[in-house]
Amino acid sequence: MQGIDRPEAEVLEEDSLVPGRNYIRPAPTHFTHRVDQKEPFAYAGSTTDSTPDGNLPAGTEVLLVREDPDGYSWVIDGRGLYVRVRTSALRAR
């Protein structure tokens, strides 16, 4: 159509959708645990009762940062994603 300038389509990188406080740089290079099955996760500020913010695939290696008394833990994966998962889904390496 004449008179309309369309912008170039641009695909955003995966980390552009992750809240800044849930993205750790540099990502860890050693891991303490592995997720034993596909595991839903929540970002900081999300409630665990709501829809998950995403899923970690089975076999994902993570660094355990903090274990909370409510049965959830904070972990960082190899991409630097800092998320909350069920502690029972983690297996020590």
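Positions are given from 1 along the sequence.
Annotation: side chain of L56 is in contact with side chain of V62 (closest heavy-atom distance under 4.5 Å). L90 places none of its side-chain heavy atoms less than 4.5 Å from the side chain of D36. Annotation: side chain of L81 is not in contact with side chain of I76 (no heavy-atom distance under 4.5 Å). Residues V65 and V75 fail the side-chain proximity criterion, which asks for heavy atoms closer than 4.5 Å. The shortest side-chain heavy-atom distance between W74 and Y82 falls under the 4.5 Å cut-off.
Residue S88 holds its OG atom at 6.5 Å from CD of E39, rounded to the nearest 0.5 Å. In this structure, T87 OG1 and E67 CD are separated by 4.5 Å, a value rounded to the nearest 0.5 Å. Atom CZ in R93 sits 8.0 Å away from atom CZ in F31 (nearest 0.5 Å). Here the straight-line distance linking atom CZ of F41 with atom OG1 of T60 works out to 10.0 Å at 0.5 Å rounding. Separating the CZ atom in R91 from the CD atom in E61 is a distance of 15.0 Å, to the nearest 0.5 Å. Atom OH in Y43 sits 15.5 Å away from atom CZ in R84 (nearest 0.5 Å).
A donor-acceptor pair under 3.5 Å links the side-chain atoms of T32 to the main chain of L64, judged by distance alone. Side chain of N55 to backbone of P57: no donor-acceptor contact under 3.5 angstrom is found. Although no hydrogens or angles enter the test, the distance criterion places a donor-acceptor pair under 3.5 Å between the side chain of R21 and the main chain of A44.
In terms of heavy-atom proximity, G78 sits nearest to A27 at O-CB, 3.3 Å.
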Give the intermediate values and the outcome of side chain to side chain contact (heavy atoms under 4.5 Å, CB included) for residues L63 and H30.
CA-CA 7 Å; L63 174 65; H30 72 280; 3.8 Å; yes
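In summary, D68 and R66 engage in a salt bridge, as defined by a charged side-chain N under 4.0 Å from a carboxylate O.
Under the 4.5 Å side-chain heavy-atom criterion for grouping Ile, Leu, Val, Met, Phe, Trp and Tyr, Y23 is connected to V85 within one hydrophobic cluster.
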